[in-house]
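For reference, the structure is listed below as structure tokens.
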Amino acid sequence: MMQELVLDTQLQSRKNLAWWLYLFHAASLVFSMGAFGWVPLIISYLKRDDAAGTFVYSHHTWQIRSFWWYVVWMILGGLLFATVVGIPLAFVVWGAAWLWKAYRLLRGFFALNDNKPIPA
């Protein structure tokens with residue numbers, strides 16, 4: 001039985017972009033606590049429709065939702081930090097948000113590497 005290898009260059013290009021966006025999100029998380037995550041966010045918004053109908057679309061949605069939920073939790077931590085009593089809890093919220101975002105990035109990256117959609 002002969003197998004034929006088919007390479008879809010457009011799909012591979014979209015997958016490569018999503019891979020780089022995961023990398024940029026991770027670098028932002030490590031080096032700036034996510035403060036520069038808006039850069040890959042904008043690219044995900046711009047390129048998500050190009051990936052419609054492929055498994056890569058779910059990865060753009062996953063990254064976008066991960067960013068916005070991370071922002072929500074960081075703001076909540078900031079509000080807690082504004083109160084003297086909430087300062088210790090703010091650090092817990094920020095730490096949990098950071099770990100959650102790191103988990104989401106790793107889970108998405110591994111699914112992308114396996115050519116699988118991620119439940120967005």
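Since we're looking at a predicted model, the values are computed, not measured.
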Atom pair [atom1]/[atom2] of [X] and [Y] - distance to nearest 0.5 Å:
| X | Y | atom1 | atom2 | value |
| --- | --- | --- | --- | --- |
| Leu89 | Thr83 | CG | OG1 | 8.5 Å |
| Asn113 | Leu106 | CG | CG | 12.0 Å |
| Thr54 | Lys15 | OG1 | NZ | 11.5 Å |
| Leu105 | Trp100 | CG | CH2 | 9.0 Å |

Minimum heavy-atom distance between Gly108 and Ile118, given as atom pair plus value: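 Nearest heavy atoms, Gly108 then Ile118: CA-CD1, 4.0 Å.
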
Identify the two heavy atoms, one from Gln63 and one from Ala18, that lie closest to each other, and give their separation to 0.1 Å.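 Result for this residue pair: NE2-O, 3.3 Å.
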
Examine the side chains of Asn16 and Gln12 and answer whether a donor and an acceptor come within less than 3.5 Å of each other.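 Side chains of Asn16 and Gln12: pair found under 3.5 Å.
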
Which pairs, with at least one residue in residues 39-50 and sequence neighbours excluded, count as a salt bridge (Lys or Arg N to Asp or Glu O under 4.0 Å)?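 Salt bridge (Lys or Arg N to Asp or Glu O under 4.0 Å) check on residues 39-50 returns Lys47-Asp50.
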
Return each pair, listed once, that meets salt bridge (Lys or Arg N to Asp or Glu O under 4.0 Å) where at least one residue sits in residues 100-113; pairs must be two or more places apart or across chains.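 The answer is none; no pair qualifies.
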
I'd like to check [X] versus [Y] (side-chain heavy atoms, cut-off strictly below 4.5 Å). Are they in contact?
| X | Y | answer |
| --- | --- | --- |
| Val92 | Leu80 | no |
| Arg14 | Phe55 | no |
| Tyr103 | Leu99 | no |

For Trp94, ring pair (Phe, Tyr, Trp, His ring centres under 6.0 Å) partners two or more places apart: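 Ring pair (Phe, Tyr, Trp, His ring centres under 6.0 Å) check on Trp94 returns Phe81, Phe91.
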
Do Trp38 and Leu46 belong to the same hydrophobic cluster, where Ile, Leu, Val, Met, Phe, Trp and Tyr are linked whenever their side-chain heavy atoms lie under 4.5 Å apart, directly or via other members?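 They do share one cluster, since a chain of ILVMFWY contacts under 4.5 Å joins Trp38 to Leu46.
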
same_hphob_cluster(Leu76, Val85) at 4.5 Å side-chain heavy-atom cutoff: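 Unlinked, Leu76 and Val85 end up in two clusters.
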
Tyr45: which residues meet the side-chain hydrogen bond (donor to acceptor under 3.5 Å, both in side chains) condition with it, sequence neighbours left out?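 Tyr45 satisfies side-chain hydrogen bond (donor to acceptor under 3.5 Å, both in side chains) with Trp68 only.
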
Once side-chain hydrogen bond (donor to acceptor under 3.5 Å, both in side chains) is applied, do any residues pair with Trp69, and if so which ones, sequence neighbours excluded?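 None.
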
Show me the donor-acceptor pairs, under 3.5 Å and distance only, between side chains in residues 19-29 and residues at least two apart or in other chains.
| unit_1 | atom_1 | unit_2 | atom_2 | d |
| --- | --- | --- | --- | --- |
| Tyr22 | OH | His59 | ND1 | 2.8 |
| Ser28 | OG | Ser32 | OG | 3.4 |
| Ser28 | OG | Phe36 | N | 3.2 |
| Ser28 | OG | Gly37 | N | 2.9 |

